[in-house]
Q: 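Let me begin by handing over the structure; questions about it come next.
Computed from heavy atoms alone, side chains included, the values below leave out hydrogens, waters and symmetry copies.
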Amino acid sequence: MEKLAIFDVDYTLTKRETLFEFYMFMLKKKPTLIIHMPKSFGSAILYALGLLDAARAKNNFMGFIKGIHENEIKELVKEFYEKRFSEIFYVDAINTLKKLKSEGYKVYLISASAEFYLNELYNIKEVDKVIGTRFKFVNGYYTGEIIGENNKGEEKVKRLKEVLKEENVEADFKNSYMYSDSLADLPLFKLVGHPYLINSKKKYNNIEVLHWK
């Protein structure tokens with residue numbers, strides 16, 4: 001059986017929200033994308049107010065990639081990782097990830113953020129699997145639409161178990177670790193024997209809070 005070290009990404013592995021970072025990177029590369037700002041940020045505000053569900057808000061926000069070819073996106077996300085993404089990691093997060101990998105754990109990064117740019121996290125050699133929200137493309141062009149469900153909450157558990165089954169991995173959840181900044185990941189916390197909240201101002205039951213920098 002394999003012991004897993006599971007990490008959320010935004011505000012767990014990183015100091016900032018990666019989708020916003022990607023949008024700002026894209027805006028600098030393609031200033032004309034500013035035309036999407038009202039819809040993108042309007043959707044984010046409506047989601048924060050509870051007036052729009054997460055999946056629809058994300059579909060609306062990601063409208064700025066609509067019509068961009070996947071080959072161009074691949075090149076853009078490489079540059080995004082090098083110039084912006086890789087600069088916002090918590091040192092403590094990377095050190096913990098590397099330590100657990102050295103102890104024989106399989107490292108899984110599971111996030112609601114877009115898988116097409118999260119895949120750049122394979123640049124961290126210790127990472128075994130990246131699981132994010134998948135986006136649709138037609139004839140090589142991104143539509144900005146989600147494939148399936150937004151990878152959040154219970155969906156993360158579902159996707160993780162699907163991947164484990166596909167890769168014929170039998171997980172030792174009792175001896176596995178889960179790190180996240182949010183109780184939205186309670187389904188994953190409940191799955192493992194060693195759950196940790198990152199930089200949380202509040203404790204939840206017996207989940208220990210770690211303060212990463």
Q: Measure the NE2-NZ distance between H194 and K174 for me, rounded to the nearest 0.5 Å.
A: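 Output value for this atom pair is 9.0 Å.
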Q: Between the side chains of K101 and D128, is the shortest nitrogen-to-carboxylate-oxygen separation below 4.0 Å, so that they form an ion pair?
A: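 Salt bridge between D128 and K101, a charged N being under 4.0 Å from a carboxylate O: yes.
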Q: Rounded to the nearest 0.5 Å, what separation is found between the CD1 atom of I198 and the CD atom of E208?
A: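 Nearest 0.5 Å value for the CD1-CD distance: 9.5 Å.
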Q: Distance alone, cut at 3.5 Å: any donor-acceptor contact between the side chains of N151 and T133?
A: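 No, because no side-chain N or O of N151 sits under 3.5 Å from a partner of the opposite role on T133.
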Q: Is it the case that the side chain of D92 and the backbone of K213 share a donor-acceptor pair, with hydrogens and angles ignored and the cut-off at 3.5 Å?
A: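 Judged by distance alone, yes, a pair lies under 3.5 Å.
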Q: Where is the tightest heavy-atom contact between G153 and P187, given as atom of each residue plus distance?
A: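 That would be C-CG, 3.8 Å.
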Q: Between E79 and K29, is there a salt bridge with N-O shorter than 4.0 Å?
A: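 Salt bridge flag = yes for E79 with K29.
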Q: So Y179 and D185, do their side chains get closer than 4.5 Å, heavy atoms only?
A: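 A side-chain contact under 4.5 Å is absent here.
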Q: Does the pair R16/D10 count as a salt bridge with the N-to-O cut at 4.0 Å?
A: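 No, this pair does not count.
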Q: Parallel, tilted or perpendicular: which fits the ring planes of F85 and F89, with parallel below 30° and perpendicular above 60°?
A: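 Ring orientation of F85 relative to F89: tilted.
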Q: Please report the interatomic distance OH(Y81) to CD(E87), rounded to the nearest 0.5 Å.
A: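 So the OH of Y81 and the CD of E87 are separated by 9.5 Å.
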Q: Kindly say whether L118 contributes a backbone atom to a donor-acceptor pair with the side chain of E115 at under 3.5 angstrom?
A: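 Here the side-chain-to-backbone pair does not exist.
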Q: Please assess E126 against K106 for the test side chain to side chain contact (heavy atoms under 4.5 Å, CB included), listing each intermediate value before the final yes or no.
A: CA-CA 8 Å; E126 290 83 5; K106 292 183 76 70; over 6 Å; no
Q: Counting only N and O atoms by type, is there a donor-acceptor contact under 3.5 Å from the side chain of N175 to the main-chain atoms of D172?
A: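 Here the side-chain-to-backbone pair does not exist.
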Q: If I compare all heavy atoms of E72 with all of I68, which pair ends up nearest, and what's the gap?
A: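 Nearest heavy atoms, E72 then I68: OE1-CG2, 3.6 Å.
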Q: Honestly curious: do Y11 and I94 fall in one hydrophobic cluster under the side-chain, below-4.5 Å linking rule?
A: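 No; I94 is not reachable from Y11 via cluster members.
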Q: So if I apply the side-chain contact (heavy atoms from CB on, under 4.5 Å) rule between W212 and each of L13, V91, T96, N95, which one comes out positive?
A: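 In the set L13, V91, T96, N95, the residue that makes a side-chain contact (heavy atoms from CB on, under 4.5 Å) with W212 is T96.
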Q: Once rounded to the nearest 0.5 Å, what's the spacing between atom OG of S113 and atom CD of E17?
A: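 Reported to 0.5 Å precision, the distance equals 5.5 Å.
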Q: Please determine if E167 and K129 form a salt bridge, counting it only when a charged side-chain N lies under 4.0 Å from a carboxylate O.
A: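 Salt bridge: yes.
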Q: Do L76 and Y117 touch side chain to side chain, with heavy atoms closer than 4.5 Å?
A: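 Contact flag for L76/Y117 side chains = no.
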Q: Identify whether V107 and M1 are in the same connected component of the hydrophobic contact network (ILVMFWY, side-chain heavy atoms under 4.5 Å).
A: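 Looking at the clustering, M1 is in a separate group from V107.
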Q: If the plane angle is over 60° it's perpendicular, under 30° parallel, otherwise tilted; pick one for F25 and F80.
A: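 Ring orientation of F25 relative to F80: tilted.
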Q: So if you build clusters from Ile, Leu, Val, Met, Phe, Trp, Tyr with side-chain heavy-atom gaps below 4.5 Å, do I146 and Y141 land together?
A: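 Per the 4.5 Å side-chain linkage, I146 and Y141 are not co-clustered.
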Q: I'd like to know if F20 and V9 are part of one continuous hydrophobic network [Ile/Leu/Val/Met/Phe/Trp/Tyr, side-chain heavy atoms within less than 4.5 Å].
A: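 Looking at the clustering, F20 is in the same group as V9.
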Q: Does some side-chain heavy atom of F7 sit less than 4.5 Å from a side-chain heavy atom of V127?
A: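 Side-chain contact under 4.5 Å: no.
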Q: Over all heavy atoms of both residues, which pair between A112 and N150 is shortest? Give the atoms and the distance, please.
A: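 Looks like O-OD1, 3.7 Å.
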Q: Going by heavy atoms in the side chains, are L97 and I124 under 4.5 Å from each other?
A: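 SC-SC contact between L97 and I124 confirmed.
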Q: Taking all heavy atoms of Y90 and all of T12, pick out the closest pair and write down the distance.
A: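 Heavy-atom minimum between the residues: CD1-O, 3.3 Å.
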Q: Count the heavy atoms belonging to other residues, nucleotides or ligands that lie under 6.0 Å from NZ of K98, then report whether that count exceeds 12.
A: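 No, not enclosed.
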Q: For the atom pair CG (N119) and OH (Y122), what is the distance rounded to the nearest 0.5 Å?
A: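 Rounded to the nearest 0.5 Å, the CG-OH separation comes out at 5.5 Å.
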Q: Check this for me: E103, atom CD, are more than 12 non-hydrogen atoms of other residues, nucleotides or ligands nearer than 6.0 Å?
A: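 Yes, enclosed.
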Q: Mind checking the NZ-CD spacing from K190 to E154? Nearest 0.5 Å is all I need.
A: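 Answer rounded to 0.5 Å: 8.0 Å.
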Q: Hey, what else clusters with L191 if you join Ile, Leu, Val, Met, Phe, Trp, Tyr whenever side-chain heavy atoms sit under 4.5 Å?
A: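 Joined to L191, directly or through intermediates: L4, I6, Y108, I110, I131, V157, L160, V163, L164, V169, F173, M178, L183, L186, L188, F189, V192, L197, Y204, I207, V209.
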Q: Quick one, D181 and N199 - any side-chain contact, counting heavy atoms below 4.5 Å?
A: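 Result no, sub-4.5 Å side-chain heavy-atom pair not found.
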Q: Indicate yes or no: does K78 engage E75 in a salt bridge with an N to O separation below 4.0 Å.
A: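 Looking at E75 together with K78, the answer is yes, because their closest N to O distance falls below 4.0 Å.
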Q: If you apply the rule ring pair (Phe, Tyr, Trp, His ring centres under 6.0 Å), what do you find for Y142 with F116, and how did you get there?
A: CA-CA 10 Å; Y142 279 89; F116 68 83; 5.2 Å; yes
Q: Is it true that E21 and R84 make a salt bridge, defined as a side-chain N closer than 4.0 Å to a carboxylate O?
A: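 Salt bridge between E21 and R84, a charged N being under 4.0 Å from a carboxylate O: yes.
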Q: Between S111 and K152, is there a side-chain heavy-atom distance shorter than 4.5 Å?
A: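 A side-chain contact is absent here, since even the closest heavy-atom pair is not under 4.5 Å.
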